[in-house]
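Below is one structure; the comments refer to it alone.
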Protein chains: 2
Amino acid sequence: MALEHAILITLEERPSSGYELARRFDRSVGHFWAATHQQIYRTLKRMSEIRWVTSHEVPGEGRPLRKVYEVTDEGRDEFVRWLSENGEPAPYRQEIAVKLRGASLGSLPTLIAEFTRHRDLHAGWVAAFRRMEQRDFPDPASLTGRRLHHYLVLSGGIQSEEMLFAWCDQVVAALERELSGTSSQSAAAAG
Amino acid sequence: MALEHAILITLEERPSSGYELARRFDRSVGHFWAATHQQIYRTLKRMSEIRWVTSHEVPGEGRPLRKVYEVTDEGRDEFVRWLSENGEPAPYRQEIAVKLRGASLGSLPTLIAEFTRHRDLHAGWVAAFRRMEQRDFPDPASLTGRRLHHYLVLSGGIQSEEMLFAWCDQVVAALERELSGTSSQSAAAAG
DNA sequence: CCCTGGGCTGCAACTAGTTGCATATGCGCC
DNA sequence: GGCGCATATGCAACTAGTTGCAGCCCAGGG
């Protein structure tokens with residue numbers, strides 16, 4: 001149940017409509033807690049019902065009506081309570097590792113292609129996060145308070161994507177060696 | 001939907017009962033795809049119904065009856081099909097990062113304690129995985145085929161836990177500096 | 001005037017995972 | 001004989017996330 005709290009802290013930083021929240025999740029919040037607009041709207045509704053947030057309608061200027069949400073005192077108290085609650089790391093699940101575990105039943109070139117794609121996706125995330133880092137935190141050593149916290153969150157995201165990139169790269173290299181070794185062995189056996 | 005395939009590849013390696021599967025998940029499979037025994041039993045039932053696995057009962061010796069499952073040809077075909085299906089990295093979700101993002105609303109010492117606990121949990125995983133690596137793959141450079149794949153899966157788990165350990169350590173150090181800087185500033189302000 | 005696309009809200013039905021719990025067999029010990 | 005624990009199986013009800021879809025407002029361009 002961290003989506004509620006991710007939304008609460010995001011609204012605490014700046015009241016927003018559901019649509020704006022979805023946009024903020026796509027740009028930054030979603031880098032540490034991903035959520036779709038359907039989840040966000042449903043969760044906003046539920047939090048309205050239990051009075052963790054309140055909303056008011058804002059007429060757009062040349063735009064449709066917007067419902068802007070903000071955190072109530074109860075919502076803030078709930079977030080503070082949750083901060084002090086002991087959490088556990090989530091169970092680990094990595095679909096591509098399941099594929100790798102069962103690689104011998106499939107086609108090496110296909111799995112190499114899959115890992116190459118994932119490696120490139122992660123490389124893209126690394127690059128995007130690094131640009132974000134350069135833009136928002138050019139001098140990390142000088143950071144304090146909230147900006148330090150935000151920087152540390154981004155740093156975690158960067159390290160995670162870098163690790164996944166490096167691992168996929170290691171796997172691609174190893175499987176390619178296996179493929180060329182097997183092909184050589186097959187050629188030698190056939191020759 | 002990778003649990004089905006994690007179970008299929010695990011049974012392909014060695015037919016097992018639900019209870020044995022749960023044990024194997026606790027020891028190794030669960031390091032890349034975590035699952036509880038309730039999930040495993042339910043998924044075994046469903047895969048029996050769609051004939052991806054079949055089961056037969058085996059009387060225990062001084063033990064209760066066991067239902068041993070094995071993969072059918074259809075189940076094997078489904079796994080191979082799934083191997084060639086393009087997957088996407090899962091959306092990223094890290095509860096403790098949400099807490100860090102909202103750290104300014106809470107107590108720094110409490111958050112430091114939380115990150116310290118997580119760091120130590122990850123350190124424990126690193127140590128356990130390293131022992132597993134030493135025991136099962138003392139000479140990684142010589143590996144080929146299935147054993148190479150299994151090793152690469154474990155390597156990914158190790159790198160992931162190491163990254164989480166390093167990140168939590170970085171956060172603890174930064175928050176402790178902040179705490180002591182704030183305390184010094186508070187003391188100076190009060191003095 | 002109509003169409004398209006962006007802005008904006010939101011629901012139903014589903015899957016995947018979790019929590020809580022139940023039941024039975026068998027063995028060893030008190 | 002009963003208790004506790006390990007072995008072994010499995011369900012119901014719930015939460016969290018996903019998929020698929022629906023609908024409305026507004027502006028701009030053809």
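Residue numbering restarts at 1 for every chain, and letters A, B, ... go by the order of the sequence lines. Excluded from the calculations below are hydrogen atoms, water molecules and symmetry mates; all remaining heavy atoms, backbone and side chain alike, are included.
- Remark: A:K67 is in phosphate contact with C:dG10, judged by side-chain N or O atoms under 4.0 Å from OP1 or OP2.
- Ring centroid separation for the pair B:Y92 and A:H31 does not come in under the 6.0 Å cut-off.
- For the pair A:R42 CZ and D:dT15 P, the computed distance is 11 Å after rounding to whole Å.
- Rounding to whole angstrom units, OH of residue A:Y41 and C1' of D:dA16 are separated by 20 Å.
- In this structure B:E57 satisfies the salt bridge (Lys or Arg N to Asp or Glu O under 4.0 Å) test with no other residue, sequence neighbours excluded.
- The aromatic rings of A:H118 and A:F115 sit tilted relative to each other, their planes meeting at an angle between 30° and 60°.
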Between the protein and nucleotides 21-25 of chain C, are there any N/O to N/O pairs under 3.5 Å, and if so, what are the atom names and distances?
none

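- Remark: B:L83 CG to B:I9 CD1 distance equals 7.5 Å, nearest 0.5 Å.
- For the pair A:E57 CD and D:dC24 P, the computed distance is 16 Å after rounding to whole Å.
- Rounded to an integer number of Å, the gap from CG of B:L44 to P of D:dC11 is 11 Å.
- Separating the CZ atom of B:R46 from the P atom of C:dC14 is a distance of 15 Å, rounded to the nearest angstrom.
- If you measure from atom CD of B:Q39 to atom C1' of D:dG17, you get 14 Å, rounded to the nearest angstrom.
- Between A:H149 and the options B:K99, B:R101, B:E178, a side-chain hydrogen bond (donor to acceptor under 3.5 Å, both in side chains) holds for only B:E178.
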Stepwise, does the salt bridge (charged side-chain N to carboxylate O under 4.0 Å, His left out) test hold for B:R130 with B:E133? CA-CA 5 Å; B:R130 286 291 185 198; B:E133 182 188 31; 2.8 Å; yes

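- Rounded to a whole Å, the CD1 atom of B:I40 is 16 Å from the C1' atom of D:dC11.
- Each of B:R93 and B:R66 has a nearest nucleotide on DNA chain D; the 5'-most of these lies closest to B:R66.
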For salt bridge (charged side-chain N to carboxylate O under 4.0 Å, His left out), just list the numbers for B:E20 and B:R23, CA-CA rounded to whole Å, side-chain angles, deciding distance to a tenth of an Å, and then say yes or no. CA-CA 5 Å; B:E20 281 161 354; B:R23 294 280 294 270; over 6 Å; no

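- Using a 4.0 Å heavy-atom cutoff across all strands shown, A:Y69 reaches sugar-phosphate atoms only and no base atom.
- Rounded to a whole Å, the OH atom of A:Y92 is 18 Å from the C1' atom of C:dG17.
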Could you go step by step and tell me if B:S155 and A:Q170 meet the side chain to side chain donor-acceptor pair (under 3.5 Å) rule? CA-CA 9 Å; B:S155 182; A:Q170 173 197 4; 3.2 Å; yes

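- Positionally, the nearest nucleotide of DNA chain D for A:A2 lies more toward the 5' end than for the other of A:G62 and A:A2.
- Taken residue by residue, residues 7-28 of chain B places no heavy atom nearer than 4.0 Å to DNA chain C.
- With hydrogens and angles disregarded, no donor-acceptor distance shorter than 3.5 Å links the side chain of A:W33 to the backbone of A:I7.
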